[in-house]
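Take a look at the structure set out below.
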Amino acid sequence: MKKRVLLCACMLMLMAMCLSACGEKGTPPVLTVDGKEIILGESSSYNLPEGFECMLAGNAIPIGLMPANSWMSDLWSAQKDGETYAYFYVYNPSREEITYSRATIYKLSFCMNSEEKSYWAQNNILVNGINFCGMNSDEVKAAMQAFKAPKETSYGSLIYQDGQYSYVIRFGDNGLVEEVEIEMSIAKSYSEVS
């Protein structure tokens, strides 16, 4: 009888640990870019809407294959019709080499209301259906109320954490959102490609 009770207690503890581990993963952010949904940690630059050009600094496009279990330290930009929509970073979580355009986006950032306004697309990216353009700190907190209370930094940013996903929202001197950065933490065991 004691063995059964002990076995049941162990099973319940294992189930509780599994459930809590699942909760730590978080919900993948859904980014709407020019009307098309991109899921951070699942989509690649190949999934961006038609007409987008994705390139590295200096308008370079990497050729060849990206090694398995690697991440790229170089910053990519997603552009359309001469406007920049976002900067992003990619990684290859698979066990096989893939083309760079098929690598998974794990970090993405974009700006609005900035001094470089003409450089950035006016068609803002939606984050989980939210358009941060023109929002102040209180409006961001109201829009992000489904998340835990944010960490507020001394330099005027709000940081939200949802398991392995982080959201950093920076404000400009005018008090409005200037930059949004979303990142999925990736395993430190991946090798760097640059």
Side-chain angles (χ1 to χ4, degrees), residues 20 23-45 47-48 52 54-57 71-80 83-91 93 103-188 190 192 194:
S20 66
E24 291 175 8
K25 197 170 184 180
T27 304
V30 177
L31 311 165
T32 308
V33 182
D34 200 29
K36 186 169 183 185
E37 289 187 350
I38 303 294
I39 300 172
L40 196 73
E42 296 178 18
S43 299
S44 68
S45 62
N47 299 116
L48 287 166
F52 270 83
C54 297
M55 57 196 74
L56 302 172
W71 63 282
M72 189 170 201
S73 60
D74 290 336
L75 177 76
W76 290 68
S77 66
Q79 300 175 358
K80 182 179 177 185
E83 294 182 314
T84 299
Y85 278 67
Y87 291 140
F88 63 94
Y89 292 87
V90 297
Y91 82 123
T104 305
I105 299 171
Y106 74 90
K107 180 178 179 180
L108 182 138
S109 65
F110 59 98
C111 291
M112 60 199 79
N113 299 316
S114 80
E115 293 174 4
E116 301 172 341
K117 195 173 183 177
S118 61
Y119 177 77
W120 291 97
Q122 297 303 303
N123 183 4
N124 290 293
I125 294 172
L126 304 181
V127 179
N128 298 327
I130 302 167
N131 184 346
F132 288 103
C133 187
M135 285 189 177
N136 62 29
S137 178
D138 291 335
E139 291 167 327
V140 169
K141 289 175 186 175
M144 297 285 284
Q145 64 185 349
F147 294 88
K148 292 181 194 171
K151 176 182 168 191
E152 296 189 50
T153 66
S154 58
Y155 50 88
S157 295
L158 296 175
I159 301 172
Y160 291 88
Q161 195 71 39
D162 180 21
Q164 65 182 345
Y165 305 99
S166 63
Y167 299 76
V168 179
I169 298 147
R170 295 182 181 90
F171 297 88
D173 294 336
N174 60 4
L176 302 177
V177 174
E178 183 174 90
E179 183 181 12
V180 177
E181 179 181 286
I182 305 108
E183 181 173 5
M184 180 187 87
S185 61
I186 59 174
K188 303 221 183 294
Y190 292 120
E192 179 181 352
S194 58

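Residue Lys107 holds its NZ atom at 13.5 Å from CZ of Phe88, rounded to the nearest 0.5 Å. Here CD of Glu178 is found 7.5 Å from CG of Asp173. Values are rounded to the nearest 0.5 Å. Gln161 contributes atom CD, which lies 7.0 Å from atom OG of Ser185 (distance to the nearest 0.5 angstrom). Going from atom OH of Tyr165 over to atom CG of Leu40 covers 7.0 Å, rounded to the nearest 0.5 Å. To the nearest 0.5 Å, the span separating CD1 on Ile130 from CD1 on Ile125 amounts to 14.0 Å.
Looking at Asn47, its side chain never comes within 3.5 Å of a backbone N or O of Ile38 through a donor-acceptor pair. Between the Glu152 side chain and the Gly156 main chain, no donor and acceptor come within less than 3.5 Å of each other. Between the side chain of Asn136 and the backbone N or O of Leu176 there is no donor-acceptor pair closer than 3.5 Å.
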Practice problem: Assess whether side-chain contact (heavy atoms from CB on, under 4.5 Å) is satisfied between Val140 and Phe132, documenting all intermediate values. | Solution: CA-CA 7 Å; Val140 169; Phe132 288 103; 4.0 Å; yes
Exercise. Decide yes or no on side-chain contact (heavy atoms from CB on, under 4.5 Å) for Leu48 and Lys36, but give the supporting numbers first.
Key: CA-CA 7 Å; Leu48 287 166; Lys36 186 169 183 185; over 6 Å; no
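Side-chain contact between Val33 and Phe110 is absent, with no heavy atoms from C-beta onward closer than 4.5 Å. Within the 4.5 Å cutoff, side-chain heavy atoms of Tyr190 are placed close to those of Pro93. Side-chain contact check for Leu158 versus Phe171: some heavy-atom pair is nearer than 4.5 Å.
Annotation for Trp76 and Asp74: closest pair CD1-O, 3.6 Å, computed over non-hydrogen atoms.
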